[in-house]
**Student:** 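My structure is below; once you've seen it, I'll send some questions.
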Amino acid sequence: MVTVVHLKGMDEFNNYVENMGHGNATLLFCFTGEKLSSGPSWCSDCNEAEPVIEAFLTEVKRKIIFAFVDVGDRDTWKDKNCPFRTDKRTKLMVIPTIIRWNGVQRLEGSQCGKRELLQMLIEDEED
C-alpha cells in the first residue's frame, strides 16, 4: 500500500509537486543528502534514519506515497541559499526532514529515525 518515489534535486521535486495526483493517499516527503558513489549518503543522520524509515514503510497498512528527495551534495546543502532551505513550502533547517504535504506536521533530524514518531505522523490524519 506504500508507493515509494525517488526524486533528485529541486527541479524534480517541483515537477513532481506540480504534476502529482496522489488521490486519497497520504503524501510524505523525506529530504535527505545525496548518495555517494560508494552507496551511503554524505549525511550521517540520513544514514541512521534510512533503515528505520525503510523498515517502517514495509509495515504500513495505509495508502501512502513516500517520496525520498535528494537535496544535493554537502556543499549544495550547506549553502544558505540552498533552494530547499529557502522554498516557502519546505523551509528545511536540517536533514533528514520528513514533511506531510499540505500540513504542518514534520519530523526533523534524529526524530526521523524514531519508529513511534513515524507512526504518529502517518496516523495523525486517520480520522
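All values derive from a computational prediction rather than experimental measurement.
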**Student:** Is Glu18 reaching over with its side chain to a backbone N or O of Asn15, donor-acceptor style, under 3.5 angstrom?
**Tutor:**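 It does not hold such a pair.
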**Student:** Look only at the side chain of Arg62 and the backbone of Thr26, and say whether a donor-acceptor pair between them is shorter than 3.5 Å.
**Tutor:**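 Between the backbone of Thr26 and the side chain of Arg62 there is no qualifying donor-acceptor contact (under 3.5 Å).
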**Student:** Any pair with a residue in residues 82-98 that passes side chain to side chain donor-acceptor pair (under 3.5 Å), sequence neighbours left out, goes on the list, sorted by first then second residue, please.
**Tutor:**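 Listed once each, the pairs are Asn14-Arg89, Asp87-Arg89.
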**Student:** Sort out for me which residue in Leu121, Leu107, Ile99 forms a side chain to side chain contact (heavy atoms under 4.5 Å, CB included) with Leu28.
**Tutor:**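 Answer after filtering Leu121, Leu107, Ile99: Leu121.
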**Student:** Applying salt bridge (Lys or Arg N to Asp or Glu O under 4.0 Å), which residue pairs with at least one partner in residues 42-52 are found, sequence neighbours left out?
**Tutor:**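 For residues 42-52, and leaving out neighbouring residues, the salt bridge (Lys or Arg N to Asp or Glu O under 4.0 Å) pairs sorted by first residue read Lys35-Glu50.
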**Student:** Does either side chain, that of Asp73 or that of Thr76, offer a donor lying less than 3.5 Å from an acceptor on the other one?
**Tutor:**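 Side chains of Asp73 and Thr76: pair found under 3.5 Å.
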**Student:** Kindly say whether Phe84 contributes a backbone atom to a donor-acceptor pair with the side chain of Trp77 at under 3.5 angstrom?
**Tutor:**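 Not at all, since once roles are kept as given, no pair shorter than 3.5 Å links the two residues.
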**Student:** In chain order, what residues pass the ring pair (Phe, Tyr, Trp, His ring centres under 6.0 Å) check against Phe56, with sequence neighbours excluded?
**Tutor:**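 Ring pair (Phe, Tyr, Trp, His ring centres under 6.0 Å) list for Phe56, sorted by chain: empty.
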**Student:** Report the C-alpha distance between Tyr16 and Val69 in whole Å, list the side-chain angles of each, state the deciding distance to 0.1 Å, and finish with yes or no for side chain to side chain contact (heavy atoms under 4.5 Å, CB included).
**Tutor:** CA-CA 10 Å; Tyr16 187 80; Val69 183; over 6 Å; no
**Student:** Run the side chain to side chain contact (heavy atoms under 4.5 Å, CB included) test on Thr32 and Cys43 for me, step by step, so that the C-alpha distance in whole Å, both residues' side-chain angles and the decisive distance to 0.1 Å come before the verdict.
**Tutor:** CA-CA 8 Å; Thr32 64; Cys43 170; over 6 Å; no
**Student:** Working note: Ile53 + Phe66, criterion side chain to side chain contact (heavy atoms under 4.5 Å, CB included); need CA distance, chi angles, decisive distance, verdict.
**Tutor:** CA-CA 10 Å; Ile53 294 167; Phe66 197 93; 3.6 Å; yes
**Student:** Taking it one step at a time, do Leu118 and Ile98 satisfy side chain to side chain contact (heavy atoms under 4.5 Å, CB included)?
**Tutor:** CA-CA 9 Å; Leu118 290 165; Ile98 302 172; 3.5 Å; yes
**Student:** With a 4.5 Å limit on heavy-atom distance, are the side chains of Arg106 and Leu92 in contact?
**Tutor:**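 They are in side-chain contact.
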